[in-house]
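Reviewing the structure listed below.
Predicted model, so just to flag it, every value in this text is computed and none were measured.
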Amino acid sequence: MDSKAARKRPVVPARRGSPLKVVALVLLLLIVLPVVALFGLSAAGMLPPALADVVNKVTGKAPPPVTPAPRQAAPAPVPAPGAAEPVAPPQGAAAGEAAAPAEGSTP
């Protein structure tokens, strides 16, 4: 029995890796992969607007300018049948120019 006991080696678990490898793996899984996924989704235009604004602020991209819808000119009023024709401005007045006050009137 002594010969078998002498031949046995003590069981020592194998080392799995250095602590630096574990730290690098944790950083990769918790920080790098989500950031890469976020930028990938942002480039594809698949982010909700609130999250897209945050990504744009971080990357320094200016948000697209918000332009109001172009306003259409109001349609000209249609006179009722039998109504008087609209009066044309005096000949001397240009479009958009106010008529001069009558002489002798005070401002």
Side-chain angles (χ1 to χ4, degrees):
M1 283 205 155
D2 290 333
S3 62
K4 285 184 179 183
R7 283 187 277 172
K8 283 187 174 181
R9 292 186 181 176
V11 178
V12 178
R15 290 189 69 184
R16 292 196 153 220
S18 68
L20 289 177
K21 286 184 182 178
V22 174
V23 169
L25 181 66
V26 168
L27 286 176
L28 178 75
L29 292 177
L30 292 180
I31 297 173
V32 175
L33 286 179
V35 168
V36 169
L38 200 67
F39 286 116
L41 289 174
S42 173
M46 297 176 62
L47 288 178
L51 196 55
D53 290 341
V54 172
V55 171
N56 287 339
K57 285 181 184 177
V58 169
T59 58
K61 293 180 183 176
V66 179
T67 56
R71 299 180 81 185
Q72 296 180 352
V78 178
E85 296 274 331
V87 178
Q91 291 287 9
E97 186 177 296
E103 288 185 30
S105 64
T106 56

By the rule that ILVMFWY residues connect when side-chain heavy atoms come within less than 4.5 angstrom, directly or transitively, which residues belong alongside Leu33? Leu25, Leu29

same_hphob_cluster(Val26, Leu20) at 4.5 Å side-chain heavy-atom cutoff: no

Is there a path from Val35 to Leu47 through hydrophobic residues (I, L, V, M, F, W, Y) whose side chains come within less than 4.5 Å of each other? yes

Looking only at atom types and distance, does a side-chain atom of Ser42 sit under 3.5 Å from a main-chain N or O of Leu38, one as donor and one as acceptor? no

Partner residues of Val32 under the side-chain contact (heavy atoms from CB on, under 4.5 Å) criterion, sequence neighbours left out: Leu28, Val36

